[in-house]
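Letters A, B, ... mirror the listed sequences (proteins, then strands); counts begin at 1.
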Amino acid sequence: MDKKLYITTAIPYVNGTPHIGNALDYLLADIWTRYQKQNGHDVRFQVGTDEHGNKIAAKAAEAGLDPKSYTDQTYLNFEKLMKKVGAGYTDFVRTTDPHHIQSVQYIWQQLQPYIYKGNYEGWYCVGCESFVSDKEATANNGVCPDHNQPYQRLSEANYYFKTSAFTDKVREAIETNQMQIVPEFRKKEFLELMKDGLQDVSISRPKKNLSWGIPVPGDPTQVMYVWLDALANYITILGYPDQPAWKEYWPADVQIIGKDILRFHAGLWPSMLFGLGLELPKKLLVHGHINVGNTKMSKTIGNIVDPNQVIDEYGLDAFRYYFSRHIPTLDDGDFTWEKFENSYNTELANDLGNVIRRVSSMLTRYQAGVIGEAPQGEHDMGAYHAAMENLEFNRAIDEVWLMVKSLNQYIENVKPWEIAKNVAKDAEAAAHLAEVLAYSVGALLQIGDLLVPFLPATADNIHKTFETGVIVASEAVLFPRIYKHTTDPNAPKA
RNA sequence: CGCGGGGUGGAGCAGUCUGGUUAGCUCGGAUGGCUCAUAACCAUCAGGUCGCAGGUUCAAAUCCUGCCCCCGCAACCA
């Protein structure tokens, strides 16, 4: 009944500004959380920031700050975005939190049996003070573009985590859906990727190169490499290992990640958990990326869409609507201002906003706002709930819009305005009208229920307006039409 | 022969696993209706060789074979 559930989001690296992909993470997790809470579950919803690593240290130095002071400022940008998309998270982890640091060091010690010392060899740029991948080195013809000097072949001492030891267990967990990767094609993709086995992962760096990180227990010359540190957040924030409450929420029910970080969450992370003797998360929800006009979003192209701007110009629910319905939950999606505005005007304004207004207006006009007893909405919600369970949120919303459409059709068929003409002289007509309007309100209230996870403010508005049996004075128009990026078809011609 | 996803009316998609009514939905277009409503809503119509070529079958968008095209990924990216 009130089962305890746990959902997590990826923790972004705080050296940049938050982007739309981060917003998508928070939104999806929030939708799931609101849905589960509506169904009576107790949900913990984690968010956080990843704050270690040499890139942070470098950025901080540029700004003339020590790394911690720097991240104390930048993590706020992410917190602001989480709040802005309405994410009702319960736990915020920063990898620089003392508890997280202690806990990660504990984890390191627990994983000792699977940690060994080795050498990492690769292309190194002295200017960057970091290694680059072979791919990147090749792409740059062996010369660092930032420092204009050739990469050197270097090798350094590292600790390695024996991920390879867990290959079979991880594969089995994925194949049997003990840890279910959603959607299915991502699961296939990853199984294919690991078919030759998991490769051991370097999990530390010499301190001289990377001084901003969690110290390796028992070896002052090394600090931990970020992934071990970052992935651990999902359990450290629950209080692992010292606060027993963590056991009530782990394993996570859903971990939300982008497709770009699937391999870390499907390979390294389960290996860590096996090494610790912990259960694996039940599901990994892998969402896609958001393109702009079918082109990748990139700073170079300059087509970055700022989620803040969308929310500022159209409102929070409008943002949540587009990104939950028109960006498929489990695949890549496309955003353009034209598409966004078009769906806002036709679907939110013309369909939803308008039908709410026409019902409340008729009630006010014909019955002085008195609704009476609204019957239970009778639309079959099976498809909606199935879609929610399958983590296909976009399909769930589609169902809601079918209801909006059928309500409009119903109103058109029974023509309350015709019935209203006879009310004065015909008691039967009055009863009929009341019944029709009450039925419409019942449908709207049901729509409101289904919108709770997606458009909290709108759902709240619907409930407040209709649930008391008397219309609560309607204020401003819901979703007024906006023409900033598209043409108003009704605009007078110049 | 690296792996995966996809190619369905102008646009975006569903349907393909478990072949079978006139291939469905949303947006856009045209026409008509209505007037309660945010010039919103409702109805009807136009528009599709279901990537190409073969094959299996009474019957294929759906199964099989070959080919073409587009898009991701290809491991330390935090």
Exercise. side-chain contact (heavy atoms from CB on, under 4.5 Å) between A:Leu280 and A:Phe274: does it pass, once the steps are laid out?
Worked result: CA-CA 8 Å; A:Leu280 306 192; A:Phe274 277 131; 3.7 Å; yes
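Close to B:U38, at under 4.0 Å from its OP1 or OP2, lies a side-chain N or O of A:Arg357. For A:Arg365, a side-chain nitrogen or oxygen approaches OP1 or OP2 of B:A37 to under 4.0 Å. Residue A:Lys405 has no polar side-chain atom (N or O) positioned under 4.0 Å from OP1 or OP2 of B:C41. For A:Arg358 and B:A40, the shortest distance from a side-chain N or O to OP1 or OP2 is not below 4.0 Å.
In this structure, A:Asn354 reaches the bases: a heavy-atom distance under 4.0 Å links it to at least one base atom across the strands shown. Using a 4.0 Å heavy-atom criterion, one finds that A:Asp351 contacts the sugar-phosphate atoms exclusively. As judged by a 4.0 angstrom heavy-atom cut-off over every strand, A:Phe479 is placed among the base-contacting residues.
If A:Ala10 and A:Asp332 are placed on RNA chain B by their nearest nucleotide, the residue sitting closer to the 5' end is A:Asp332.
Nucleotide B:U38 holds its P atom 15 Å from the CG atom of A:Asn461, rounded to whole Å. Atom-to-atom, NZ of A:Lys195 to P of B:C73 comes out at 18 Å; the value is rounded to the nearest Å. One can place CG of A:Asp317 at 20 Å from P of B:U38, the figure rounded to the nearest angstrom. Taking atom CG of residue A:Asn345 and atom P of nucleotide B:C27, one finds them 13 Å apart after rounding to whole Å. Taking atom CG on A:Asn408 and atom P on B:C42, their separation rounds to 5 Å, with Å as the unit.
Under the 4.0 Å criterion applied to side-chain N and carboxylate O atoms, A:Glu156 and A:Arg205 are assigned as salt-bridge partners.
Side-chain contact of A:Asp200 with A:Ser164: a donor-acceptor pair under 3.5 Å is present, judged by distance alone.
Considering A:Thr71, A:Ile56, A:Asp229 as possible partners of A:Glu51, the one that fulfils the side-chain contact (heavy atoms from CB on, under 4.5 Å) test is A:Thr71.
Taking atom C1' on both B:A61 and B:G6, the two are 14 Å apart, rounded to the nearest angstrom.
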